[in-house]
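Shown next, in structure tokens, is the structure this report addresses.
Not measured: the values here are computed from a predicted model. Sequential numbering from 1 along the given sequence is applied to the chain's residues. Each ligand, and each atom within it, is numbered from 1 in the order the structure gives.
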Amino acid sequence: LSRIKPLLLASCVFLALQPVAGAADPATDYQELCVECHGASRLGGIGPALIPETLKRMRGPNLESVIRDGRDATQMPAFSEELDSTRIAELAAFLKTPLAEIPPWGEAEITASREMVESYAPVDRPIWASDPMNITLVVETGDHHVSVLDGDTFDVLDRFETPFAVHGGPKFSPDGRFVFIMSRDGWVQKYDLWALAEVGRVRGGLNSRNIAMSHDGKWLALANYLPMTLTILSTEDLSVVKVMDVVAKDKTPSRVSAVYQAPQRKSFILALKDAAEIWEVATDPDAEPIYEGFVHSREKDMVEAIPSSEGLFARRRIEVSEPLDDFFFDDDYRNLVGASRDGVHGVVVNLNVGREIAELPLEGMPHLGSGISWDRDGRRVMATPHLKEGKISVIDTETWDRIAVIETEGPGFFLRSHENTPYFWADVFFGPNKDVMHVIDKQSFEIVKTLRPAPGATVAHVEFTRDGSRALVSVWEDDGAVIVYDANSLEELERLPMRKPSGKYNVWNKITFSEGTSH
Ligand code: DHE
């Protein structure tokens, strides 16, 4: 790949320098200017897929200005010499048109996309001297890289290129040695933290949402919008183990909004975008009792083992009254809370009995995936931000009553805490106060400090070090930074320059399912 990249880039640039003759026709302009890098079917090549499913999720400069001016620090050239503003607008509109046909993307195509790095050589211990359990990854979306940080010294051990537009949390193997990273174009990358080297990558979908690892670290599930499938890969060598078509009981095909690991249940839980069903997929070869043993379950007849008689990847459908998105799970993964489509309430689903058991008034689009939980007065509470309102709701996870609403300076995206800290941290992601980070007392719900470390910049997402003593905050800008805070005194200690850092992920917090982090 590295050998053909310069050739393709050279031909892109060469084409870019040719005057484009003839009347404006965006399809012709695409063939002449874009096809080399973005593929004949607009599904990507060395450049990303140019389809509405991916483009509408992109933050930053709009499509027309990217075509006109190019993209800094990427191989995307500027086309202002070749195309006038009308043709640029028409080309942008063309790229936002859905593809007439989605090419098949099954086992054969996924297998053909798999690229294992020939020079990769495994090592039997880390090639560095840092604490392997305190390694923290920073996803830098500005130029599509990940920085590998020593969580004690904050030295950058490596900075490697990722596929374009990484989304969601990277997933660590249970021993913290390997990490798997997913891009919105469906690429899954495997990286060896001990050797500081990429192991390989595979395109498991054409437009994808997130990945989850099985409880035993053997399988990686990829939730796809395009095609409407769940791809299961072997974590060992990224080979395809299974591609499940996601079709509801009434035969409606559905996109998969997200896939989650439910460790105690030894299963994956799937949120379906277009069907009023939640799926549970067993990752335990002895899954039979879980899937068929509920004498009282009205879902008994819905259990379908597909196709393994042993129960591995057996599927269970849980029917709900409407499609639910964006799940928060309680600690034992008995219940989940999902957001309703109308954005005004949440629904509690008991996964054991397979039905809805409560409804919560959660107006203003709760972002349940960012929910975190902790103990307060002997009760387990969870908190969730809202994407459309400047508030955080706190819910009692036994009664499912909302017990507090904390007013903030604007709608937030992420909440974070750690078992060793008395506070939780809440960003304000949207609106004029997007540069604000609130630090809130977990017991009193008082805002103890409002940080504004980079006035005017988006300041968001927090990760703690392994012991919870340091909080790492992203200044989410192209010339951004990760700011290291003392998590007790709330004093700034250090600023590490980064290119639009988004999420940060500490090995220990992730593999131990630390309280206050996403899973
Ligand atoms: Fe995310 C996690 C869905 C937009 C950055 N986001 C997740 C997860 C889901 C999700 C289901 C959990 C996956 C996981 O970690 O395994 N995100 C969605 C959406 O539906 C939404 C609102 C619309 C969309 O574009 O798909 C959305 N997300 C965004 C963004 O615009 C963000 C801010 C920038 C970006 O990179 O696209 C964004 N999402 C993130 C991050 C995480 C994430 C950084 C991981 C957080 C963590 O701490 O684990």
Please could you name the atoms of ligand 1 that Arg209 approaches to less than 4.0 Å, counting only its heavy atoms? 3 (C), 18 (C), 19 (C), 20 (O), 24 (C), 26 (O)
Can you label the angle between the Phe327 ring and the Tyr260 ring as parallel, tilted or perpendicular, going by 30° and 60°? parallel
Look only at interatomic distance and state if Lys171 has a nitrogen or oxygen under 3.5 Å from any nitrogen or oxygen of ligand 1. yes
Looking at every non-hydrogen atom in both residues, tell me the closest pair between Arg334 and Arg265 and how far apart they are. CA-NH1, 4.1 Å
Distance under 6.0 Å and angle within 45° of the ring axis: does Lys442 meet both against Tyr423? no
Once side chain to side chain donor-acceptor pair (under 3.5 Å) is applied, do any residues pair with His38, and if so which ones, sequence neighbours excluded? none
For Phe429, take its heavy atoms, then give the atoms of ligand 1 lying under 4.0 Å from any of them. 33 (C)
Run the numbers for me: atoms of ligand 1, each under 4.0 Å from some heavy atom of Gly169, listed by number. 14 (C), 15 (O), 45 (C)
Has Thr408 got a side-chain atom pairing as donor or acceptor with Gly390's backbone, closer than 3.5 angstrom? yes
Heavy-atom contact under 4.0 Å between Glu463 and ligand 1? no
Does the Lys NZ or Arg CZ of Arg315 fall within the cation-pi geometry relative to Trp279 - under 6.0 Å from the ring centre and within 45° of the axis? yes
For the 3.5 Å polar cut-off, considering only N or O atoms, please tell me whether Tyr505 and ligand 1 meet it. no
At less than 4.0 angstrom from any non-hydrogen atom of Ala258, what atoms of ligand 1 do you find? 11 (C)
Between Ile211 and ligand 1, which residue portion shows a heavy-atom distance shorter than 4.0 Å: side chain, backbone, both, or neither? backbone
Examine ligand 1 and decide if any of its atoms is less than 4.0 Å from a heavy atom belonging to Arg416. yes
Which option out of Arg184, His167, His461 puts a heavy atom nearest to atom 6 (N) of ligand 1? His167
Is there any N or O on Ser502 that sits under 3.5 Å from an N or O of ligand 1? no
What pairs with Ser41 under side chain to side chain donor-acceptor pair (under 3.5 Å), at least two apart in sequence or on another chain? none
For Ile392 and Ile440 the tightest heavy-atom approach is CD1-CD1, 3.7 Å
